Amino acid sequence: MANMAIFRQIKAELEEKGARLVAVSKTRTTAEIMELYAAGQRIFGENRVQEMVQKYEQLPKDIEWHLIGHLQNNKVKYIAPWVALIHSADSLQLLQTINKEAARQHRRIDCLLQFHIAQEESKYGFTFAEVEALLESEALAALQHIRISGVMAMATFTDDVAQIRREFATLQQYYRQLKQRFFSKNDDFKEISMGMSGDYNIAIEEGSTMVRIGSLLFEE
Ligand SMILES: *Cc1c(COP(=O)(O)O)cnc(C)c1O
């Protein structure tokens, strides 16, 4: 069941701060999603393609579906016709695949560049140097069917609030530097996707424009 009191409280907080809510609905039922939909929520995030496709097919078509988890090249085609935003673009090859499938659908797909900022070992996410090289490359410039609309990252899973804050501040600095160097005349590059159930307050203080909240919205 969705926790409507928490949902309304978070919505109010975010509205005041000018950030948007991605309701992370992975593992939740379509009935639970519809509870939030009925209260006005339209952006939902999923981390697995198959689950997102099933929910897309069953649910109202004005839902904006955001892919927030690692995306395999061979799965892009299943979501390319309708996905609203891919938060987890983490390689040139994946961006090329998204571009190819978007071209087939005669559309442009919005993508965020996922950074690896946490201390945990992770296979996914760019370093800052990798993104600089990517944005300077002709290979990226050739991709006319994607739109780089910002950055995304996850903080370390820890109780150390100061560390989480430092990591979010790092992502916000990355965003600013990239904006200045590569997107100063491009209004599409505007999103900083950071903050989950346990750390969204810190993320907002550090400049998040989009928080991805799951468990908190659905707990009893
Ligand atoms: C699951 C998930 C979230 C939401 O996490 P909660 O702690 O349930 O709020 C956010 N971002 C990503 C990438 C996730 O996989």
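Not measured: the values here are computed from a predicted model. Every number for a ligand or one of its atoms is a count from 1 in the order of the listing. Counting from 1, the numbers follow the sequence of the chain as shown.
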Point to revise | Check: Glu64/His66 side-chain N/O donor and acceptor closer than 3.5 Å | key: yes
To atom 13 (C) of ligand 1, the nearest of Asn47, Ile68, Val22 on a heavy-atom basis is Ile68
What class does the angle between the rings of Phe189 and Phe183 fall in, given that below 30° is parallel, 30 to 60° is tilted and above 60° is perpendicular? parallel
* **Polar proximity ligand 1 side, Gly214 side, N/O cut 3.5 Å exclusive** => yes
When rounded to the nearest 0.5 Å, the distance separating CE of Met152 from CD1 of Ile117 is 9.5 Å
Check: of Gly45, Ser197, Gly198, Ser88, min heavy-atom distance to atom 6 (P) of ligand 1 comes from Ser197
min-distance protein heavy atom vs atom 10 (C) of ligand 1 -> Met196 SD, 3.3 Å
Taking only non-hydrogen atoms of Lys26 and a 4.0 Å limit, the atoms of ligand 1 in range are 1 (C), 2 (C), 3 (C), 14 (C), 15 (O)
So OG of Ser25 and CD1 of Ile43: to nearest 0.5 Å the spacing works out to 12.0 Å
- Query: Just checking, is any N or O donor in the side chain of His87 or Ser193 under 3.5 Å from an acceptor N or O on the other one?
  - Reply: yes
If we number the atoms of ligand 1 from 1 as shown, the ones under 4.0 Å from a heavy atom of Ile213 are 9 (O)
shortest atom 4 (C) of ligand 1-to-protein heavy-atom contact is with Arg212 O, 3.6 Å
The ring-ring contact (aromatic ring centres under 6.0 Å, His included) partner of Tyr174 among Phe168, Phe128, Phe126 is Phe128
Ligand 1 to Ser215, heavy atom cutoff 4.0 Å, flagged ligand atoms 6 (P), 7 (O), 8 (O), 9 (O)
